[in-house]
K.L.:
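My questions will all concern the structure given below.
Throughout, protein chains are lettered first and strands after them, A, B, ... in sequence-line order, and every chain is numbered starting at 1. No experiment lies behind these values; they were computed from the predicted model shown.
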There are 2 protein chains.
Amino acid sequence: MLNEIEKYKVLGEQTRFRIVMVLLKASKELCVCELEDILNVPQYNVSKHLSLLKHAGLLEERKEGKLRMYKIKDDNQFNKILFKSMDSIKAVSDETLKQDLVNLQKRLALRKNDRVVVTRN
Amino acid sequence: MLNEIEKYKVLGEQTRFRIVMVLLKASKELCVCELEDILNVPQYNVSKHLSLLKHAGLLEERKEGKLRMYKIKDDNQFNKILFKSMDSIKAVSDETLKQDLVNLQKRLALRKNDRVVVTRN
DNA sequence: TCAATATATGCTTATATTGGCATATATGTT
DNA sequence: AACATATATGCCAATATAAGCATATATTGA
């Protein structure tokens with residue numbers, strides 16, 4: 001399938017959409033356990049969805065010790081516009097999404113010098 | 001589900017993506033039978049996919065006699081950006097998509113004064 | 001080297017999606 | 001009114017997807 005179609009497809013699922021939205025709002029890489037904590041989704045699901053997002057070419061992964069850091073991959077025009085479309089969603093009226101963003105801030109506050117020190121919460 | 005997620009989802013399927021791409025390149029409304037002819041997809045499938053696209057808020061429908069005309073719905077910021085992302089897909093290297101666009105031109109050439117006169121081909 | 005931790009992955013089941021086919025509906029035509 | 005045509009839709013079977021659970025892998029630290 002055309003890679004761009006794949007990108008729309010993977011974004012068209014609630015959990016994956018939430019992951020990407022959180023990473024966009026974070027503007028920095030997050031590890032799996034942080035996402036798990038922010039989204040309140042089991043680790044194995046977060047990992048699976050991250051894998052799909054990565055293979056579709058929307059995210060990048062980097063190893064850092066025991067952790068795997070994931071971040072937005074916007075090194076091409078298509079991705080940039082796609083993320084811009086997500087950014088244009090004003091109505092984060094959705095309760096789940098709203099809570100995700102609150103949890104994101106809480107999680108980031110647990111970092112020390114912007115480094116992950118608390119894993120599961 | 002958040003309406004925007006639904007929009008990504010419906011675009012994340014080959015046939016629906018093709019429909020939208022053809023409508024974008026056409027820059028005008030097309031009827032079901034034209035799309036059927038252009039895409040080489042059975043009428044019932046074209047209709048079903050059009051229905052999903054309409055309900056997701058990506059297309060508009062208008063009755064014209066026996067025909068139902070479908071067109072791009074870009075009356076909001078999110079849709080505009082989404083369609084822009086499709087427009088940015090340079091690599092219409094995909095053979096199917098390339099053929100669709102050829103067929104689109106052939107079908108449009110069958111119109112008389114920009115009105116549909118030939119139905120199934 | 002052993003244990004603990006972070007993450008990934010295989011298997012199974014539940015659910016959703018898609019296509020095919022038949023048929024219903026609506027509109028125009030004779 | 002009967003018929004033809006354009007389109008939509010209900011049902012079924014095939015396939016794809018997602019969650020849950022158990023477990024494998026990799027890395028760190030004792």
Side-chain angles (χ1 to χ4, degrees), chain A residues 1 5-20 23 29-56 59-71 96 107 110-111 115-121, chain B residues 1 5-20 23 29-56 59-71 96 107 110-111 115-121:
Chain A
M1 199 195 304
I5 300 182
E6 192 68 29
K7 289 179 180 175
Y8 291 126
K9 184 178 188 171
V10 294
L11 270 188
E13 198 274 337
Q14 165 120 331
T15 305
R16 288 190 293 267
F17 179 91
R18 289 169 65 199
I19 290 174
V20 174
L23 283 169
E29 50 185 19
L30 299 177
C31 71
V32 178
C33 61
E34 287 177 315
L35 284 166
E36 181 187 350
D37 191 22
I38 292 164
L39 305 170
N40 243 298
V41 167
Q43 176 269 320
Y44 53 79
N45 272 337
V46 175
S47 279
K48 281 177 186 174
H49 287 306
L50 283 169
S51 171
L52 291 171
L53 287 163
K54 188 180 81 170
H55 284 107
L59 299 184
E60 286 182 294
E61 177 208 1
R62 186 177 69 83
K63 274 192 183 183
E64 167 135 1
K66 255 188 296 197
L67 307 181
R68 306 246 180 143
M69 310 300 292
Y70 285 88
K71 70 171 177 192
T96 310
R107 262 310 307 212
L110 295 183
R111 288 189 176 189
R115 306 206 125 241
V116 182
V117 287
V118 180
T119 56
R120 219 117 322 158
N121 206 10
Chain B
M1 198 196 303
I5 300 182
E6 192 68 29
K7 288 178 181 176
Y8 291 126
K9 182 177 188 171
V10 295
L11 269 188
E13 197 275 336
Q14 164 118 333
T15 305
R16 289 191 292 266
F17 179 91
R18 289 168 66 199
I19 289 175
V20 175
L23 283 168
E29 50 185 20
L30 298 177
C31 71
V32 178
C33 60
E34 286 178 315
L35 284 166
E36 181 189 350
D37 191 22
I38 292 164
L39 305 170
N40 243 298
V41 167
Q43 175 268 319
Y44 53 80
N45 271 338
V46 175
S47 281
K48 281 177 186 173
H49 287 305
L50 283 169
S51 171
L52 291 171
L53 287 164
K54 187 181 79 171
H55 284 107
L59 298 184
E60 286 182 292
E61 178 207 0
R62 185 177 68 83
K63 273 192 183 184
E64 166 135 358
K66 257 187 299 198
L67 307 181
R68 305 247 181 141
M69 310 300 293
Y70 285 89
K71 72 171 177 194
T96 310
R107 263 310 305 213
L110 295 183
R111 289 190 176 188
R115 307 204 124 243
V116 182
V117 288
V118 179
T119 56
R120 219 117 323 158
N121 205 10

K.L.:
Which heavy atom of B:Val32 sits nearest a heavy atom of B:Leu50, and at what distance?
P.N.:
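What the structure gives for the nearest pair is CG2-CD1, 3.8 Å.
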
K.L.:
Nearest heavy atom decides the nucleotide; on that basis, is B:Glu34 or B:Lys48 closer to the 5' end of DNA chain D?
P.N.:
B:Glu34

K.L.:
Between A:Thr15 and B:Glu61, which residue's closest nucleotide on DNA chain D lies nearer the 5′ terminus?
P.N.:
B:Glu61

K.L.:
May I have the distance from B:Leu52 (atom CG) to D:dA8 (atom P), rounded to whole angstrom?
P.N.:
12 Å

K.L.:
For the pair made of CD in B:Glu6 and C1' in C:dA16, what is the distance, rounded to whole Å?
P.N.:
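After rounding, the reported distance stands at 12 Å.
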
K.L.:
Would you say A:His49 reaches D:dA19's phosphate, i.e. side-chain N/O to OP1/OP2 under 4.0 Å?
P.N.:
yes

K.L.:
Measure the spacing between OG of B:Ser47 and CG of B:Leu52 and express it to the nearest 0.5 Å.
P.N.:
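The CG atom of B:Leu52 is 11.0 Å from OG of B:Ser47, to the nearest 0.5 Å.
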
K.L.:
Measure from the side chain of B:Lys9, starting at C-beta and using heavy atoms only, and say which of D:dA19, D:dA18, C:dT17 lies closest.
P.N.:
C:dT17

K.L.:
In whole angstrom, what separates A:Arg62's CZ from C:dA8's P?
P.N.:
14 Å

K.L.:
What class does the angle between the rings of B:Tyr8 and A:Phe17 fall in, given that below 30° is parallel, 30 to 60° is tilted and above 60° is perpendicular?
P.N.:
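Tilted.
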
K.L.:
Please report, rounded to the nearest Å, how far the P atom of C:dA6 is from the CG atom of A:Leu50.
P.N.:
16 Å

K.L.:
How close do B:Arg16 and B:Lys9 get, heavy atom to heavy atom, and via which atoms?
P.N.:
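Minimum heavy-atom contact is NH2-O, 4.0 Å.
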
K.L.:
Nearest whole Å is fine: how far is C:dT15 P from B:Met1 CE?
P.N.:
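Distance, rounded to whole Å: 16 Å.
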
K.L.:
Nearest whole Å is fine: how far is D:dA18 C1' from A:Gln14 CD?
P.N.:
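Rounded to whole Å, this separation is 13 Å.
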
K.L.:
Can you build the contact string for nucleotides 22-30 of chain C? Use B for base contact, S for sugar-phosphate-only contact, and - for no protein heavy atom under 4.0 Å.
P.N.:
B---SBS--

K.L.:
Output the distance between atom CZ (A:Arg115) and atom CD (A:Glu64), rounded to the nearest 0.5 Å.
P.N.:
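A:Arg115 atom CZ to A:Glu64 atom CD measures 4.5 Å (nearest 0.5 Å).
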
K.L.:
Would one find a side-chain N or O of A:Asn45 under 4.0 angstrom from OP1 or OP2 of D:dA18?
P.N.:
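Negative; the distance criterion is not met.
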
K.L.:
Take the protein atom CZ of B:Arg18 and the nucleotide atom P of C:dG19, then report the distance between them rounded to whole Å.
P.N.:
10 Å

K.L.:
In whole angstroms, how far is the P atom of C:dG20 from the CD atom of B:Glu36?
P.N.:
13 Å

K.L.:
Ignoring hydrogens and angles, tell me if any N or O in the side chain of B:Arg107 forms a donor-acceptor pair with the backbone of B:Asp37 under 3.5 Å.
P.N.:
no

K.L.:
Do B:Leu39 and B:Asn45 come close enough that some side-chain heavy atom pair is under 4.5 Å?
P.N.:
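No; the side chains remain at least 4.5 Å from each other.
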
K.L.:
Choosing from C:dA8, C:dT18, D:dG20, which nucleotide comes nearest the side chain of B:Glu13?
P.N.:
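From the listed options, C:dT18 comes nearest.
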
